[in-house]
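Sequence positions, counted from 1, serve as the residue numbers for this chain. We count ligands from 1, going down the list as the structure has it; atoms in each ligand are counted the same way.
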Amino acid sequence: MTRRILLFYKYVTIDNVQEVCDWMLATCTGLNLKGRIILATEGINGTLAGSVEATTLFINIMEAHPLFKKIDFKDSEEDGVHDYFPRLRVVVKKEIVRMDVDPQQVTAKDAGKHLTPEQAHKLLATKPEDLVVLDGRNYYEARVGHFEGAVKPEIQYFRQFPEYIDQNLEQFKDKQVFMYCTGGIRCERASAYLKLKGVAKEVYQLKGGIHRYIEKYPQGFFRGKNYVFDDRIEVKVNNDVVGTCDLCQVPYDTYTNCLNASCNKHFIGCPACRKQYAETCSAVCQQLVADGKVPVRPPLRIAKREFCVVE
Ligand SMILES: [Zn+2]
Ligand SMILES: [Zn+2]
């Protein structure tokens, strides 16, 4: 049976967050939905998997709730083979995407100006001299696909983004900064963080993220693949290959995880290298697996990475 995955978020002040959490848990349990939901006083961030009927009902229930109207639900189909969301987790945290910045101090209310895919496309086409295109994602996401000419911060976690901004303020001085991420959730506060520094001339963010832009412009200014946090890992947008194999540096853009389960490195391995190193990330891991000294990951392309609700 085909299952559908819903990705959604909304920045909205939730005063009675624990109460909403209990309600959400009961609602999802009743609909047999699996996945993860993070609630905070600043809003909601969720990834849910379930039947088409259940996910449709969920959308209707949310639309009827005074706090959760007008959410832009993004959906994708599960492949029906892997069960990536065996459980349901609904939790209360400080932030809906961990940035390690007090949500009272940097809120989505201070965010950069939203540009629709059409407006963003126009801006990128006119290429103003003072435009800086800034990727708001982690480096492993940006390296397989990004907007043309984008600055790609070398960070591994979103919570490193504020530090990156602090150390590179000069780069944004008197510039128009156009920021983007996968679905928009990270840019809401990341753009606010940059804006509050008061150095950039203007800060924009892409509404609906890469997800909505490539729907509209598959042959637009986004090159390569869109990295996503579900079982597809990367979604092909156009024929450009912008990544390279971590082992031999040939152009390649498909991630895999090391067969050595205790390593589980998430890396780009071209077919030749994956064959040479027997699905591991290195000669060391290959030897450990061959000697039976380590457990091997299940035969999935991606083995229990942090399947996060980042987006
Ligand atoms: Zn290779
Ligand atoms: Zn390894």
Under-2.8 Å protein N/O/S neighbours of the Zn ion (ligand 1), ordered by chain then residue number: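 The answer is Cys245 SG, Cys248 SG, Cys270 SG, Cys273 SG.
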
Distance only, no hydrogens: is a donor on one side chain within 3.5 Å (strictly under) of an acceptor on the other, for Asp253 and Tyr227?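 Their side chains do not contain a donor-acceptor pair, so the 3.5 Å distance test is not met.
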
Quick one: do the Glu163 and Gln167 side chains pair a donor with an acceptor below 3.5 Å? yes

Among Lys225, Lys152, Arg223, find the residue that satisfies the side chain to side chain contact (heavy atoms under 4.5 Å, CB included) test when tested with His146. Lys152

Aromatic ring proximity, centroids under 6.0 angstrom, Phe147 and Tyr180: yes

I want to check something: taking the side chain as every heavy atom from C-beta on, are Lys93 and Ile38 in contact at a cut-off of under 4.5 Å?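 Lys93 reaches Ile38 side chain to side chain.
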
Angle between ring planes, Tyr9 versus Tyr11, binned at 30° and 60°: parallel, tilted or perpendicular? perpendicular

Give the ring-plane orientation class for Phe172 versus Tyr164, where under 30° counts as parallel, over 60° as perpendicular and anything between as tilted. perpendicular

Output, by chain and residue number, all protein N/O/S atoms separated from the Zn ion (ligand 2) by less than 2.8 Å.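 Atoms qualifying: Cys258 SG, Cys263 SG, Cys281 SG, Cys285 SG.
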
Should Glu63 and Lys69 be marked as a salt bridge (Lys or Arg N to Asp or Glu O under 4.0 Å) after you check the CA-CA gap, both sets of side-chain angles, and the distance that decides it? CA-CA 4 Å; Glu63 191 56 37; Lys69 273 184 204 319; 5.6 Å; no

Which of these passes side chain to side chain donor-acceptor pair (under 3.5 Å) with Lys236: Asn238, Asp240, Asn239? Asn239

